[in-house]
S.K.: 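Have a look at this one.
Excluded from the calculations below are hydrogen atoms, water molecules and symmetry mates; all remaining heavy atoms, backbone and side chain alike, are included.
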Amino acid sequence: MLASTSRNVARVLRNGAAEVNFAGVSCRHAQRRHASTTYAAPGSSRPPSSSRPALRNRPYAYPADGDFRGQVHTPLARINMILASELDKGNTTRMMLLAKRMKDEGIAPDLTTYNYLLQACAKQNLHPEARAVYEDMLAMGIHPDRQTFHHLMQALDPSDIPTLLNYVKLMEEWSIRPNETTYEIIITRFAQNNRLETALQFLSKIAPSGLSTTLQTASAVVRCAADLGFPRLALDLADAFESTSVRRLESEVWVDVLVSCAEQFYAEGTERVWHKVVNEMRLLPDEGCCLQVLHTAARYGLSGLALEVIETMKIINIVWREHHIAPVIEAMCHHGEIKEAFIMLDYMRKNDIEFTKGTAEPILELVKKNTDAVDGAWEVLETIREEGHAVDVVAFNVVAEAAVALKDLQRAVGTYKGAAQLGVTPDIDTYNILLQGCADARHRELGDRILSDMKEAGIKPDRTTYARMVHLCLTQSMYEDAFFYLEEMKSLGMVPPLAVYEAIIRKLVTVGDTRYNIALEELKECGYEVSPRLQSFISSGGAHNGPKEAAATEAVVL
């Protein structure tokens, strides 16, 4: 008996484990049962059994089962009870010593004995030892039951899928039908190994078998689907489980589904699961989860959801930054809520949230559709001012930039002149936007006036200002001032952008001015490379710009 486990027992013994003496161990349950039928001690007030009321007068009393009581006193029953006790304590070593003692004393084990040993091996993930116990059980002529295979599966390494499937086949050969726990073990293992399709195949067998899906099974499959980027499937599985079970998935599972929905930009699922997690379960997601939800809200225009996320972040003491508010503005613009978006810019300013004109890019895309949109945006700014709210200069610049983008310099200048009406003080971005409009319209005189206004306002020109003045000068037949602004830029320690040098070189090559060689050398000294398109333009004397491939990769930004 247990011959195949002798090597393991010997190894355990070498570890210095103490031997277990189970010969004198008595069954407490048996003691209680015997005590209830003994006579009273001499001098006791308890009457003997003959003087007690007859059994028929005690409606809830039943005669003791002598056969059951006799089984308790067998050596095997005692050992099984000790094995159960040691199993609860996690003393696998002592259990193996008991098994060796049984062999030495010739006590034949039963199915319960083997299942206890298998369970101990499963707890320690000792699959080779568990397999040896199983083989020994078969050698003793004892047939395994469902619990036997459960322990064998649980003893496996989580990644040992082939052996797991082999045990499933063995269960079929022994005509043992799986139950809920069987499916839980199998499906959980597949989910841990991201084998979602196989897990779903076994999951589909549960209901036709008349069984119910356990909470652990459902959680494992839902989490696996969420982690693999299938949020819609994960949400459907979660809904299906909770609609057919009295139990509910743990909050951590729903948070995983929320993150998956947000990461995959599943708008409907994100909004629904957010309300379930935050409003129903009263959970507070972390900042990373909130940011993912914000991005989804921005893409699909879920402005209400975006505002809820912002409020939640405030509750968890996250300091608002530009990357938190920008998605809210984008979500508002998705539905044309331009007024709310403008107000949000002022809200950011009042709360010391640093932001750039890039934050207002979604508003610009909304306003520059046509001149009617520009006029409508201006009216919105007037309404905001009339309602007592401040108009942020970035919102003001958006209207001016939209007019420039539509090549409507007159509207852009009109916007600039109406700054005082809105209580706005133009900043450097305002003047740079207008200079871009002047360059597009080749209006040198207006450009000089804008630059003069800028200096009178005490605003120092920046790199963009000089670049646009160079570009404006190059649109004229008399372009010498372009070199003046270029040198002034360099004298202030500014490195001229590549686009500035390329614009100068193109102008000089076009008019046949050999000074393009000097500009070309300066371009290289600044660490820039000559693009294939520019080189082709120079080589051809301005006849063409080179291959289309090169033209597609080159961008001129001033």
Side-chain angles (χ1 to χ4, degrees), residues 333 336 338-339 341-342 345-346 356-386 389-479 481-482 485 499-500 503 507 556-558:
C333 293
I338 187 171
K339 179 180 179 181
F342 278 146
L345 291 174
D346 179 61
T356 64
K357 62 179 183 179
T359 309
E361 190 67 28
I363 308 177
L364 176 61
E365 293 297 322
L366 188 63
V367 175
K368 71 178 185 180
K369 290 181 178 180
N370 49 54
T371 55
D372 290 339
V374 175
D375 294 340
W378 176 262
E379 292 175 359
V380 169
L381 293 181
E382 288 182 325
T383 301
I384 292 174
R385 178 66 174 173
E386 292 171 359
H389 300 292
V391 176
D392 192 85
V393 66
V394 174
F396 173 79
N397 290 341
V398 164
V399 179
E401 189 171 2
V404 170
L406 293 171
K407 309 298 183 183
D408 194 336
L409 184 58
Q410 184 177 356
R411 269 188 172 79
V413 174
T415 301
Y416 165 65
K417 292 182 178 179
Q421 178 183 344
L422 298 176
V424 174
T425 301
D427 60 3
I428 190 168
D429 289 333
T430 309
Y431 294 105
N432 287 340
I433 289 169
L434 294 173
L435 287 176
Q436 181 64 55
C438 293
D440 293 342
R442 299 171 179 256
H443 201 317
R444 172 67 191 276
E445 182 181 352
L446 179 59
D448 289 339
R449 192 158 54 238
I450 295 296
L451 184 61
S452 176
D453 289 350
M454 179 179 176
K455 293 180 178 179
E456 289 179 3
I459 299 175
K460 295 182 180 181
D462 62 2
R463 192 165 175 254
T464 302
T465 307
Y466 285 113
R468 291 183 177 177
M469 284 304 299
V470 169
H471 182 61
L472 175 59
C473 294
L474 292 174
T475 62
Q476 310 297 306
S477 57
M478 300 298 295
Y479 54 85
D481 286 346
Y485 288 113
V500 169
K507 178 68 175 182
V556 178
V557 180
L558 290 175

S.K.: Measuring from N432:CG to M454:CE, what's the distance to the nearest 0.5 Å?
M.R.: 5.5 Å
S.K.: Taking all non-hydrogen atoms of both residues, which atom of C333 and which atom of A341 are closest, and how far apart?
M.R.: SG-CB, 4.0 Å
S.K.: Whether the Q436 and D440 side chains hold a donor-acceptor pair (N or O, under 3.5 Å, no angle test) is what I'd like checked.
M.R.: yes
S.K.: What residues, two or more places apart in sequence or in another chain, satisfy ring-ring contact (aromatic ring centres under 6.0 Å, His included) together with Y416?
M.R.: Y431
S.K.: State which residue, out of V399, D375, V404, fulfils the side chain to side chain contact (heavy atoms under 4.5 Å, CB included) condition with R411.
M.R.: D375
S.K.: Assess the residue pair V391 and F342 against the criterion (side chain to side chain contact (heavy atoms under 4.5 Å, CB included)); give the C-alpha distance rounded to whole Å, side-chain angles, the decisive distance to 0.1 Å, and a yes or no.
M.R.: CA-CA 8 Å; V391 176; F342 278 146; over 6 Å; no
S.K.: Step by step, work out the side chain to side chain contact (heavy atoms under 4.5 Å, CB included) result for D429 and T356.
M.R.: CA-CA 10 Å; D429 289 333; T356 64; over 6 Å; no
S.K.: Report the C-alpha distance between V380 and T383 in whole Å, list the side-chain angles of each, state the deciding distance to 0.1 Å, and finish with yes or no for side chain to side chain contact (heavy atoms under 4.5 Å, CB included).
M.R.: CA-CA 5 Å; V380 169; T383 301; 5.5 Å; no
S.K.: Between V424 and L381, is any pair of side-chain heavy atoms under 4.5 Å apart?
M.R.: no
S.K.: Shortest non-hydrogen contact from L406 to T371?
M.R.: CD1-N, 3.7 Å
S.K.: Give the minimum heavy-atom separation between A403 and V374, together with the two atoms involved.
M.R.: N-CG2, 4.3 Å
S.K.: Which atoms form the tightest heavy-atom contact between V500 and A467, and what is the distance?
M.R.: CG2-CB, 3.6 Å
S.K.: Would you say the side chain of R385 lies within less than 4.5 Å of the side chain of Q421, judging by non-hydrogen atoms?
M.R.: no
S.K.: Working to the nearest 0.5 Å, report the span between CG of L434 and CG of L446.
M.R.: 7.5 Å
S.K.: Who passes salt bridge (charged side-chain N to carboxylate O under 4.0 Å, His left out) against D346, sequence neighbours left out?
M.R.: K350
S.K.: Does a side-chain heavy-atom distance below 4.5 Å link T359 with V394?
M.R.: no
S.K.: Could you grab the distance from atom CG of L366 to atom CD of E361, nearest 0.5 Å is fine?
M.R.: 12.0 Å
S.K.: Got a second to check how far K357's NZ is from T430's OG1, nearest 0.5 Å?
M.R.: 10.0 Å
S.K.: Evaluate the criterion side chain to side chain contact (heavy atoms under 4.5 Å, CB included) for residue pair K368 and L364; output intermediate values, then yes/no.
M.R.: CA-CA 6 Å; K368 71 178 185 180; L364 176 61; 4.3 Å; yes
S.K.: In Å and rounded to the nearest 0.5 Å, what is the OG1 to CD1 distance from T465 to I459?
M.R.: 9.0 Å
S.K.: Going by heavy atoms in the side chains, are C438 and R444 under 4.5 Å from each other?
M.R.: no
S.K.: Of all residues at least two apart in sequence or in a different chain, which pass the side-chain contact (heavy atoms from CB on, under 4.5 Å) check with E456?
M.R.: S452, D453
S.K.: Taking side chain as C-beta onward, heavy atoms only, is M469 less than 4.5 Å from D448?
M.R.: yes
S.K.: Which heavy atom of L345 sits nearest to which heavy atom of D392, and what is that distance?
M.R.: O-OD1, 4.1 Å
S.K.: Any idea which heavy atoms bring R442 and T475 closest together, and the distance?
M.R.: NH1-O, 3.3 Å
S.K.: Can you find a heavy atom in the side chain of D427 that is under 4.5 Å from one in the side chain of N397?
M.R.: yes
S.K.: Look up atom CD1 in I338 and atom CD in E379, then write down how far apart they are to the nearest 0.5 Å.
M.R.: 11.0 Å
